[in-house]
Amino acid sequence: GLAEKLQETFKKLRGKGRLTEEDVDQALKEVRRALIGADVNFMVVKDFIARIRERAVGSDVLQSLTPAQQVIKIVRDELAALMGGSQSKIATASTPPTVVMLVGLHGAGKTTSAAKLANLLRRQGRRPMLVAADVYRPAAIKQLQVLGEQLSLPVFSMGESVAPPDIARAAVEKARREGHDMVIIDTAGRLHIDDELMNELEEIASAVRPNEILLVVDAMTGQDAVNVASAFNERLALTGVILTKLDGDTRGGAALSVKALTGCPVKFAGMGEKLDALEAFHPERMADRILG
Amino acid sequence: ITGRKVIDESLYEELEEVLIQGDVGIDAALELVEKLREEVKKRRVDEPGELRRLLQEQIRQILGEDTAGLRVDEARPAVIMVVGVNGVGKTTTIGKLAYHFKRSGKSVILGASDTFRAAAVEQLEAWGNRAGVPVIKHSAGADPAAVAYDSLQAARARKMDVLIVDTAGRLHTKKNLMEELKKIHRVLGREMPGAPHEVLLVLDATTGQNAVNQARLFKDAVGVTGVILTKLDGTAKGGVVVAVKRELDIPIKMIGIGEGLEDLRPFNAAEFVAALFQ
Ligand SMILES: Nc1nc2c(ncn2[C@@H]2O[C@H](COP(=O)(O)OP(=O)(O)OP(=O)(O)O)[C@@H](O)[C@H]2O)c(=O)[nH]1
Ligand SMILES: Nc1nc2c(ncn2[C@@H]2O[C@H](COP(=O)(O)OP(=O)(O)OP(=O)(O)O)[C@@H](O)[C@H]2O)c(=O)[nH]1
Ligand SMILES: [Mg+2]
Ligand SMILES: [Mg+2]
């Protein structure tokens with residue numbers, strides 16, 4: 001891992017006497033390699049290294065008997081700080097219902113996460129309603145309906161021939177009438193460069209004014225995470241991120257990329273395919289995971 | 001990169017960043033650029049524009065030529081098993097593949113071996129309808145290997161040319177799920193020696209370095225014969241397949257470029273590498 005690499009690097013460097021700033025820059029190259037290897041976007045890594053450099057070339061490191069440990073600590077603390085500072089909570093509307101909208105690329109885990117979120121909110125005493133606003137993917141509505149059945153939670157659908165903004169609007173009206181204080185809207189996967197479909201998201205948002213717009217991101221996403229995150233953030237007022245499939249072995253550097261580009265906190269972590277597999281996001285654990 | 005007047009360190013760094021940005025991976029990018037430096041020295045290259053061409057050629061060499069063919073003309077039915085982690089595009093790709101084979105004059109049948117995920121069978125049936133091919137399925141929660149077995153029996157009984165078996169998405173790190181996949185593979189092979197004739201791993205172009213882990217473990221479990229790289233219609237370049245080819249020698253057979261029935265193309269290394277540098 002990075003710790004061993006840095007030990008090696010500093011051992012070689014210190015062999016020649018006192019550590020210098022140039023030596024630390026050598027070590028920071030290893031940090032760069034580790035972060036990019038963990039799929040953090042290379043531009044985000046550049047900024048990150050610049051950010052920590054001042055502390056890294058301070059006397060704490062240059063005069064330390066364990067410079068590798070010092071650098072690791074600086075990196076880890078900064079990573080955790082950058083990704084942290086928020087709670088894994090859904091904002092509540094002043095007048096119900098609270099509306100949550102899930103958006104993101106194809107296959108990221110939106111439909112599954114919508115159901116998981118509904119399950120979680122019900123456990124917290126809310127009365128959620130799921131909304132099937134994906135009218136494109138074959139059997140997408142059926143998929144959400146099956147999940148709703150598994151949870152004994154209502155799924156609002158108007159079939160595949162009604163426009164998603166109208167579905168969302170009708171859903172919120174029904175929720176209001178029937179006393180559902182949480183409306184969770186599942187939308188179709190789409191490319192951030194698909195103008196028409198990105199417009200559709202804006203239309204859904206202006207139709208129902210969501211309290212939360214959560215970008216669902218697959219934890220194994222690579223360098224492209226910055227493009228996706230910034231495009232969605234430009235079009236919509238994203239309020240948070242759900243990072244899915246963290247039950248695998250991907251290092252998950254996309255978490256840092258997305259936070260850096262949008263400023264949005266990762267609110268939840270998808271930790272499996274079952275409907276109870278949604279956890280609060282832990283920035284320190286994520287930092288350790290990214291560093292490998 | 002164009003319009004450079006001299007070959008200097010910043011040019012090499014720029015090329016390295018292009019590769020990293022395309023998900024080629026930092027280790028691979030450093031190695032490729034190092035090799036490029038040697039080539040430049042050896043051939044005494046002094047034209048900056050030549051570097052990009054040499055680098056592209058290096059990558060093309062790794063990816064190989066003419067890897068796109070699928071073995072569907074030897075056995076009958078030719079059995080194709082489609083595998084991969086969750087959400088990468090397996091079911092959609094099977095719909096496209098079915099259509100592709102039908103267009104080329106073959107009869108196709110699908111096996112709905114994802115008996116776990118909500119509405120997975122309905123989704124495959126919808127694709128079967130679009131492509132005009134039958135789908136063999138059991139009830140929800142059935143044994144995936146049993147569905148695979150029945151699909152093969154049906155393919156033989158109906159004298160179909162191609163059987164494509166859809167499997168549930170699964171993370172390569174889940175031992176029990178990988179065991180389930182091995183069982184499907186075993187059942188097919190026991191029923192028809194040589195089957196499955198293709199085991200296609202679907203990789204999502206937006207995936208980073210984890211794709212190498214995926215390829216390695218799926219290869220260890222069921223022997224992957226080819227990769228289909230999906231979602232190349234986005235902005236991700238899918239550069240991780242360079243490492244997949246180089247480290248595991250798995251050829252890239254096809255690419256998915258959209259959600260429609262016809263959005264499947266044979267893999268073309270030259271085009272892929274050119275896109276990597278765009
Ligand atoms: N292992 C694991 N699988 C997950 C997780 N979240 C979702 N999945 C799986 O990922 C696949 C895709 O999930 P979906 O919910 O259909 O994704 P989606 O974003 O709605 O997909 P589209 O609607 O096509 O864009 C399914 O197989 C899910 O079971 C997770 O946290 N862990
Ligand atoms: N833009 C684009 N979307 C694709 C492509 N291939 C698949 N998709 C989309 O990706 C999403 C997931 O596709 P699926 O076919 O359900 O993926 P899967 O691997 O079968 O998913 P699981 O069975 O849940 O593991 C769907 O929204 C598809 O329409 C592609 O080449 N381009
Ligand atoms: Mg969905
Ligand atoms: Mg599927």
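Here is how names work: the chains are called A, B, and so on, in the same order as the sequence lines, proteins then strands, and each is numbered from 1. Note that the structure is a prediction, hence the values are computed from the model and not measured.
Around the NZ atom of Lys219(B), the shell of radius 6.0 Å holds more than 12 heavy atoms that belong to other residues, nucleotides or ligands. Around the CZ atom of Arg37(B), the shell of radius 6.0 Å holds more than 12 heavy atoms that belong to other residues, nucleotides or ligands. Annotation: Lys137(B), atom NZ; neighbour count of heavy atoms from other residues, nucleotides and ligands within 6.0 Å does not exceed 12. Residue Glu9(B) places its CD atom among more than 12 non-hydrogen atoms of other residues, nucleotides or ligands, all under 6.0 Å distant. For NZ of Lys5(A), the number of neighbouring non-hydrogen atoms (other residues, nucleotides, ligands) closer than 6.0 Å is 12 at most.
No hydrogens or angles considered: nothing links the side chains of Asp204(B) and His106(A) as a donor-acceptor pair under 3.5 Å. Using modelled atom types, one finds no donor on one side chain facing an acceptor on the other under 3.5 Å when comparing Thr173(B) with Asp249(A).
Residue Asp39(A) touches chain B through its side chain alone, counting heavy-atom pairs closer than 4.5 Å. When heavy atoms are compared at a cutoff of 4.5 Å, Leu30(B) approaches chain A solely by way of its side chain, counted from C-beta outward. For chain B, the nearby parts of Asp247(A) are the backbone and the side chain; heavy atoms of each come within less than 4.5 Å. For a residue to count as touching a neighbouring chain, one of its non-hydrogen atoms must lie under 4.5 Å from one of that chain's; by this rule Val240(B) does not touch chain A. In this structure, chain A has a heavy atom under 4.5 Å from the side chain of Glu259(B), while its backbone stays farther away. Contact annotation for Arg251(A): neither backbone nor side-chain heavy atoms come within less than 4.5 Å of a heavy atom of chain B. When heavy atoms are compared at a cutoff of 4.5 Å, Leu105(A) approaches chain B solely by way of its side chain, counted from C-beta outward. Contacts of Lys110(A) with chain B are absent, with no heavy-atom separation under 4.5 Å from either backbone or side chain. For chain A, the nearby part of Lys174(B) is the side chain; its heavy atoms alone come within less than 4.5 Å.
Residues Met43(A) and Gln21(B) have side chains not in contact (no heavy-atom distance under 4.5 Å, counting atoms from C-beta outward).
Residue with the most contacts toward chain A among Ala120(B), Gly239(B), Ala236(B): Ala236(B) (heavy-atom pairs, distance under 4.5 Å). The greatest number of non-hydrogen atom pairs below 4.5 Å with chain B, out of Gly109(A), Pro138(A), Ala225(A), Ala139(A), is found for Pro138(A).
Interatomic distance, Thr206(B) OG1 to Asp224(A) CG, rounded to the nearest 0.5 Å: 7.0 Å. Once rounded to the nearest 0.5 Å, the distance linking CZ of Arg170(B) with CD of Glu273(A) reads 9.0 Å. Distance check, rounded to the nearest 0.5 Å: OG1 of Thr235(B) to CD1 of Ile193(A) gives 6.0 Å. The CG atom of Asn86(B) lies 9.0 Å from the OG1 atom of Thr244(A); values are rounded to the nearest 0.5 Å.
Asp23(B) contributes a side-chain N or O that, together with a main-chain N or O of Gln223(A), makes up a donor-acceptor pair within less than 3.5 Å.
Test Asn210(B), Val85(B), Leu171(B) against Thr250(A) for side-chain contact (heavy atoms from CB on, under 4.5 Å) and you get one pass: Asn210(B).
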Would you please test Asp233(B) and Leu191(A) for side-chain contact (heavy atoms from CB on, under 4.5 Å) and show each step?
-> CA-CA 8 Å; Asp233(B) 45 318; Leu191(A) 293 178; 3.4 Å; yes

Could you walk me through whether Glu122(B) and Gln143(A) pass side-chain contact (heavy atoms from CB on, under 4.5 Å), step by step?
-> CA-CA 9 Å; Glu122(B) 287 85 340; Gln143(A) 182 185 4; over 6 Å; no

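Between Gly87(B) and Lys245(A), the shortest heavy-atom contact is CA-NZ, 4.2 Å.
Using non-hydrogen atoms only and a strict 4.5 Å limit, the part of residues 125-132 of chain B facing chain A consists of Ala126(B), Trp127(B), Arg130(B).
Between Glu16(B) and Arg32(A) there is a salt bridge, since a side-chain N of the basic residue sits under 4.0 Å from a carboxylate O of the acidic one.
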